[in-house]
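To start, the structure itself, in structure tokens.
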Amino acid sequence: MARPAVLITGAARRIGAVLARRFGLAGWHVVIHAGHSTKSAHELAATLPSAEVIACNLVDGSVAVDMIEDLAERLPDWRMLINSAAVFKPDTAQAINPAIFAEAMRVNAETPTRMAQAFLTEAKASGGKRVIQFLDMKIANPNPDFFSYTMAKHAFASTVKMLAMAQTDPAARIYGLAPGAMLPSHDQQDEEHELSGRMNLLRRLTDAQELADAALFMSAGWLASGETLFIDSGQHLLAQPRDVLYLARE
């Protein structure tokens, strides 16, 4: 395979699909991970110059690590892992929902961290390995809504610098990428998204393509390992008392 490879988790839909298209057009072989949206994943793969689909439920971290090890064996130049898959379910600071909390910590923090560790250990890459951990601007501008999700993202954010510090390969880079309000989330209506998406310093809708461009820039490794980029039009610099989903409704 002449193309460098990238695995993008949760790439069948939404932001993950935007990333897959961007890397595909830039000449990468794109491994599209899907949890349940395998039909959408295969449809997307058919539109890209070089792509394949792999299905795995990230609730099971051991199965996810097996997936990484299998890919590492057969991909000759696997340079990049983008951990973009996440679950986003509502619960509150007043009462954690134990099932939501367990799933959020597993899918949003534990499993992708184990995947990154396995990738950094097992993958073969000619130009240095890259890991992007998808975070959230909530790590800098937290609010009590979606409590378990936010806890998990804070835990996940802590792995970026720690993995970078522990990495012995000087060519490897571990990065964080933190988006703000970008696409309609949860049960938002279009008019609510139009309002909430502009609740940032620039009062503009942040295009998901900007996030894909940032990820492609990171693939070159020009930033020091351990750095996090915020792609949110300045939303992380604000202090918002609630998730913008609810602020738009108020």
Side-chain angles (χ1 to χ4, degrees), residues 1 3-59 64 67-68 71 75 78-89 103-104 107-108 111-112 115-116 119 130-137 146 149 153 156 175-190 192-194 196-197 204-220 229-233 245:
M1 184 185 298
R3 297 170 182 263
V6 55
L7 167 62
I8 306 172
T9 65
R13 300 170 56 249
R14 293 173 60 82
I15 285 174
V18 176
L19 291 166
R21 293 187 188 96
R22 185 70 184 90
F23 275 83
L25 293 175
W28 291 66
H29 174 71
V30 182
V31 182
I32 301 169
H33 160 265
H36 304 289
S37 305
T38 53
K39 182 176 183 291
S40 297
H42 283 287
E43 291 172 349
L44 173 60
T47 69
L48 301 179
S50 179
E52 63 181 278
V53 174
I54 190 163
C56 175
N57 187 343
L58 299 185
V59 170
M67 175 183 71
I68 295 294
L71 287 171
L75 294 176
W78 184 14
R79 298 186 195 177
M80 197 161 193
L81 166 64
I82 303 179
N83 278 315
S84 62
V87 291
F88 184 68
K89 296 180 180 178
E103 184 184 23
V107 175
N108 296 357
T111 294
M115 291 169 64
F119 166 75
R130 310 282 183 259
V131 174
I132 293 181
Q133 312 284 54
F134 256 64
L135 308 176
D136 193 294
M137 71 85 214
F146 296 92
Y149 164 86
K153 285 297 185 180
F156 197 32
Y175 295 131
L177 192 54
M182 194 165 290
L183 299 177
S185 65
H186 195 47
D187 60 351
Q188 268 194 321
Q189 303 301 308
D190 289 343
E192 292 174 329
H193 169 60
E194 183 70 24
S196 66
R204 63 184 287 270
L205 293 173
T206 308
D207 194 324
Q209 189 62 50
E210 298 170 39
L211 200 63
D213 289 342
L216 192 62
F217 166 74
M218 287 173 151
S219 73
L229 284 183
F230 289 82
I231 308 297
D232 64 352
S233 300
L245 184 153

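FYI, side chains are in, hydrogens and waters are out, and symmetry mates aren't considered; it's all heavy atoms of this structure.
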* Asked: Hey, mind stepping through L75 and L7 against side chain to side chain contact (heavy atoms under 4.5 Å, CB included) and telling me if it holds?
  -> CA-CA 11 Å; L75 294 176; L7 167 62; over 6 Å; no
With sequence neighbours excluded, residues passing side chain to side chain donor-acceptor pair (under 3.5 Å) with [X]:
| X | result |
| --- | --- |
| S37 | none |
| N108 | none |
| S196 | Q188 |

Measure across [X] and [Y] and return the closest heavy-atom pair with its distance rounded to 0.1 Å.
| X | Y | answer |
| --- | --- | --- |
| D232 | P179 | CB-C, 4.3 Å |
| T47 | L44 | OG1-O, 2.6 Å |
| H29 | S50 | ND1-OG, 2.7 Å |
| R3 | G24 | NH1-O, 4.3 Å |
| A85 | G10 | CB-N, 3.7 Å |
| P184 | R14 | O-NH1, 2.8 Å |

* Using the side chain to side chain contact (heavy atoms under 4.5 Å, CB included) rule, pick out the option among L19, I8, N83 that qualifies with F134. => L19
* Taking it one step at a time, do L245 and E192 satisfy side chain to side chain contact (heavy atoms under 4.5 Å, CB included)? -> CA-CA 7 Å; L245 184 153; E192 292 174 329; 5.8 Å; no
Side chains of [X] and [Y] in contact at under 4.5 Å (non-hydrogen atoms):
| X | Y | answer |
| --- | --- | --- |
| L48 | I32 | yes |
| L216 | F23 | yes |
| F156 | D136 | no |
| C56 | H33 | yes |

Rounded to the nearest 0.5 Å, how far apart are [atom1] of [X] and [atom2] of [Y]?
| X | Y | atom1 | atom2 | answer |
| --- | --- | --- | --- | --- |
| I231 | T206 | CD1 | OG1 | 8.5 Å |
| M182 | L205 | CE | CG | 10.0 Å |
| I15 | I82 | CD1 | CD1 | 12.0 Å |
| Q133 | K153 | CD | NZ | 9.0 Å |
| L71 | M115 | CG | CE | 8.5 Å |
| R130 | R79 | CZ | CZ | 8.5 Å |

* Is it true that a side-chain atom of S84 and a backbone atom of G16 form a donor plus acceptor pair closer than 3.5 Å? -> no
* Structure fact -> Residues passing the salt bridge (Lys or Arg N to Asp or Glu O under 4.0 Å) test with R13, sequence neighbours excluded, are none
* Asked: Excluding sequence neighbours, so at least two apart, what forms salt bridge (Lys or Arg N to Asp or Glu O under 4.0 Å) with D187?
  -> R249
* Sequence neighbours excluded - salt bridge (Lys or Arg N to Asp or Glu O under 4.0 Å) pairs with any residue from residues 32-41 ->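 Those involving residues 32-41 are K39-E43.
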* May I ask you to decide if the ring planes of F88 and F146 are parallel, tilted or perpendicular, using 30° and 60° as cut-offs? => parallel
* To do: Evaluate the side chain to side chain contact (heavy atoms under 4.5 Å, CB included) criterion for residues V107 and V59: first the C-alpha distance (whole Å), next the side-chain angles of each, then the deciding distance (0.1 Å), finally the verdict.
  => CA-CA 5 Å; V107 175; V59 170; 3.6 Å; yes
